[in-house]
Amino acid sequence: MPDVPNRSIRICADRGGTFCDVHASYPDPDKPDGERKELVVKLLSQDPENYKDAPTEGIRRVLEIVTGQKIPRGERLNTDKIDYIRLSTTVATNALLERKGQKHALVITKGFKDLLLIGNQTRPKIFDLNIRRSSPLYSAVLEVDERVTLLGYTSDPRAAEHAVQFDDAGKVTRGYRGPGWDENVNGEEEKELEIVRGLSGEAVRILRKPDESVLKTDLGKLREAGYTSIAVVLAHSYTFPDHELFIGKLASSLGFTHVSLSSQLLPMIKMVPRGVSSTADAYLTPILYQYLDGFFSGFDEQLRSGGADAPRVEFMASDGGLLDLDNFSGLKSILSGPAGGVVGYALTSWDEGRKYPIIGLDVGGTSTDVSRYDGRYETVYETTTAGVTIQSPQLDINTVAAGGGSCLTFRNGLFLAGPESAGAEPGPERLYAWFSKACYRKGGPLAVTDANLMLGRLIPDYFPKIFGKNADEPLDVEASRKGFETVAKEINDEFKSELSLDEIVYGFIKVANETMARPIRTLTEARGFETSKHILASFGGAGGQHACEIAKQLNIKKILIHRYSSILSAYGLALADRAVEQQEPSAEVYSSSSIPHLLARLNNLTDSVKASLEKQGFHGGRVVVERYLNMRWEGTDTALMALGSSPKGDEEVPKEDFEDAFKKAYKHEFGFLLEGKRIIVDDIKVRGIGKTFDSLGPSVFKELAELKTSEIDHASTKKKETTTSVYFEGVGRLKDTPVYKLPDLEVGDTLRGPAIILDDTQTIVVVPDAEVTVTRNHLYIVLP
């Protein structure tokens, strides 16, 4: 085998709930013009009998295949040949779901000890008579005797006239002139207390500074009690972070290994979400870094040490951007896993000319993730996971507990799919993962995968042989059959019916499909979008088995399935862009007089973001900048991020109408506008994107418009691998359903269902009368 150049192998690994998917590319030795070969490895996420860490094992297998050299398991891997490793992980997500994060303490302003426990009084289940409030993530509270307050208020109709005035150096030139502060209107008494200008421009009065000696004693007691992680949340720290920074520096000197400062994590108004997010970070980041320490221990020292000549390690953040190790944290990794899939389908399915909106359907082993793409990623800034409301930018992904591993049960006369999940490996360390699927040769309950196997939608001879004691056995059909025969007898006895085994098994599939379709309706119909006008981009290990039937339920006629759909979350990592965000608080009324100052601040942040991306090697047209103002109507507490224009590279920033963008977003979200009220700007934000690729080539729809097609005749074609017996709704079991291997199909081939199309990592079920067209990277399916 030809020698592989150093720093040439690019590896992306997505560790999901059931499988770990690895995508790699490297220079094609037979084509010295720069073309790259691609390689896919799929393995169980947990298989302690054979390996400790799935991504490390996947990378070991990649290096073995590419270099042609045998690498023993457990040996530290040499990274000389590796250009970069990109990872997405569910470690922080699982720690939050299972409440197995790091024990930590909350450090908060005196008098606010119970603030995060009280929360915002939200009652998600308003008619529930037995309210069960989630317990806080922190285990202890330390109150700090410090206090700052603000002079004046944004909603003052004469705010500019009353405000404290500062010179360019930040020195007070005129005191506060409004009512409400010690009945003082002239400003003489303000000299008795220190007044500074906050980051938002507001005047901050320092009432009391933290006492270092007292604080050192109190923090020392926490260290003696075994605490190594703290979250620091002080009043008004979003605009005046000095006290938090002081506490953070002191805590680090006393041996705390992780300190989450709310002012640095999330410099936004609203102390409750800022505080909860900080405690989540202090709870999750140490656990995440414990996992990463174990991951890095499987490689040579240069991987972690970094440097100009070392391989890069990058991580997928919840907002779809790549981060380096220094900027990756538990708070930013909650949706690390599914975010890669969103990036994958968005960049490979979107057509800038036709602008068809796309629904992403990611059917994994333990859950189904649904998202929507209409030319830009849909982002939310406040989400609730496992009862914890977190304020951090995340892709808008709806998740339901229905996937290939969802347990199938019959209870109280009902067919049920989920929410319990049969994981890949037995053990209480995973949420609901007490057992394994029956067909996975590890014992356990029936799951959706067993149902697809029984209906002929999975073919054991073509499914990865990674089961059994030595991880080399196929799926166990008989185990699935015995389980369903027992359930079928129970159902027929209950209903005094004579339903066939196929009808009963398919009944469970219909229930699972409806569960998966529900969040799609939430993302479309519930938000004013017509579901049928979308294209369904299906991916995930089980996506191809359900895509056609879910599309039929939703009246969606067009489906896209990528060649790498079963590992699209890993493939999306290879396509993802580097992201840099900077944000500052504000407290200005949006008006003609304030716009120049707001734009000047945006320009400063833009320059800083571009400089950061330039250090990472992104210049000119490979840099895209998005500028936001977080705006709300005066008198309301609901702010929306309004996006201005998105200039590229070094182009001048065109005029940005943030007010119009805010009103459009508000009207779409709530259906009305509060005309006559002033608009308040709470935050300014700039997001810089360093493009990994200048272009991914023509879109699939442009390719289809120019594609010369050739229809395959099932009866005479030599491309057919075999036939198999498959059950379909309405027509029953078709014993001669043709089976095709995806690599054997050529670009331009078309075929009509029923059919099974498969490769080493996925099985795609084509329902009767559906038409499939093979393109360069996709299967394009049109339903009748």
In this structure, NZ of K685 is separated from CG of L643 (nearest 0.5 Å) by 10.0 Å
side-chain contact (heavy atoms from CB on, under 4.5 Å) filter on T522, not counting sequence neighbours, yields N398
Assert yes or no for the condition that the ring centre distance of F662 to F658 is strictly below 6.0 Å.
no
In this structure, CG of L335 is separated from OG of S88 (nearest 0.5 Å) by 11.0 Å
Contacts satisfying salt bridge (Lys or Arg N to Asp or Glu O under 4.0 Å) that involve residues 749-759 (not counting sequence neighbours) are K719-D749, R752-E771
Open item on the list: Would you say S480 and D450 are linked by a side-chain donor-acceptor pair, where the criterion is simply a distance under 3.5 Å?
Closed with: yes
Apply the test side-chain hydrogen bond (donor to acceptor under 3.5 Å, both in side chains) to residues Y727 and E503: give CA-CA distance (whole Å), side-chain angles for both, the deciding distance (0.1 Å), then the verdict. CA-CA 9 Å; Y727 181 88; E503 289 172 325; 5.1 Å; no
* Asked: Is D374 paired with R376 through a side-chain N to carboxylate O contact shorter than 4.0 Å?
  -> no
Across all chains, not counting sequence neighbours, the side-chain hydrogen bond (donor to acceptor under 3.5 Å, both in side chains) partners of T750 are none
The side-chain contact (heavy atoms from CB on, under 4.5 Å) partners of T389 (sequence neighbours excluded) come to E382, T384
| query | Is it true that E659 and K663 have a side-chain N and a carboxylate O under 4.0 angstrom from each other? | reply | yes
### Message
So for atom CD, which belongs to E498, do other residues, nucleotides or ligands contribute more than 12 heavy atoms lying within a distance under 6.0 Å?
### Response
no
The residue among T737, T722, T723, V766 that forms side chain to side chain contact (heavy atoms under 4.5 Å, CB included) with I756 is T737
Worksheet item: Given I390 and L96, is the side-chain contact (heavy atoms from CB on, under 4.5 Å) satisfied, shown in steps?
Response: CA-CA 11 Å; I390 293 170; L96 185 60; 4.1 Å; yes
Taken in chain and number order and not counting sequence neighbours, the residues that satisfy ring-ring contact (aromatic ring centres under 6.0 Å, His included) with F539 are Y345
Review point. So Y356 and F701, would you call those rings parallel, tilted or perpendicular, with 30° and 60° as cut-offs?
Key: perpendicular
Discussion item. Is any side-chain heavy atom of L361 closer than 4.5 Å to one of D369?
Written reply: no
Residues at least two apart in sequence or cross-chain that pass ring-ring contact (aromatic ring centres under 6.0 Å, His included) with H534, listed by chain then number, are none
Quick one: are D396 and R527 in side-chain contact, heavy atoms under 4.5 Å?
yes
Check this for me, if you would: do D319 and R687 make a salt bridge, where the nitrogen-to-carboxylate-oxygen distance has to be below 4.0 angstrom? yes
side-chain hydrogen bond (donor to acceptor under 3.5 Å, both in side chains) filter on Y506, not counting sequence neighbours, yields E549, E729
Hits for salt bridge (Lys or Arg N to Asp or Glu O under 4.0 Å) against K741, two or more places apart or cross-chain, chain-then-number order -> none
Would a 4.5 Å heavy-atom cut-off, applied to side chains only, mark N452 and H546 as touching?
-> yes
Sorted by chain and number, sequence neighbours left out, ring-ring contact (aromatic ring centres under 6.0 Å, His included) with Y740 holds for H714
Residues pairing under side-chain hydrogen bond (donor to acceptor under 3.5 Å, both in side chains) where one sits in residues 775-784, two or more places apart or in two chains, turn out to be none
- Should we count NZ of K355 as having more than 12 external heavy atoms under 6.0 Å? yes
CD1 (I550) and CG (N513) are apart, to the nearest 0.5 Å, by 4.5 Å
Residues passing the side-chain hydrogen bond (donor to acceptor under 3.5 Å, both in side chains) test with T383, sequence neighbours excluded, are Q394
request  = May I ask you to test the D21-S566 pair for a side-chain heavy-atom distance under 4.5 Å?
outcome  = no
* **K557 atom NZ, over 12 foreign heavy atoms within 6.0 Å** => yes
Residue set satisfying ring-ring contact (aromatic ring centres under 6.0 Å, His included) with Y381, at least two apart, ordered chain then number -> none
Check your understanding: Would you call K664-D660 a salt bridge at under 4.0 Å N-O?
Key -> yes
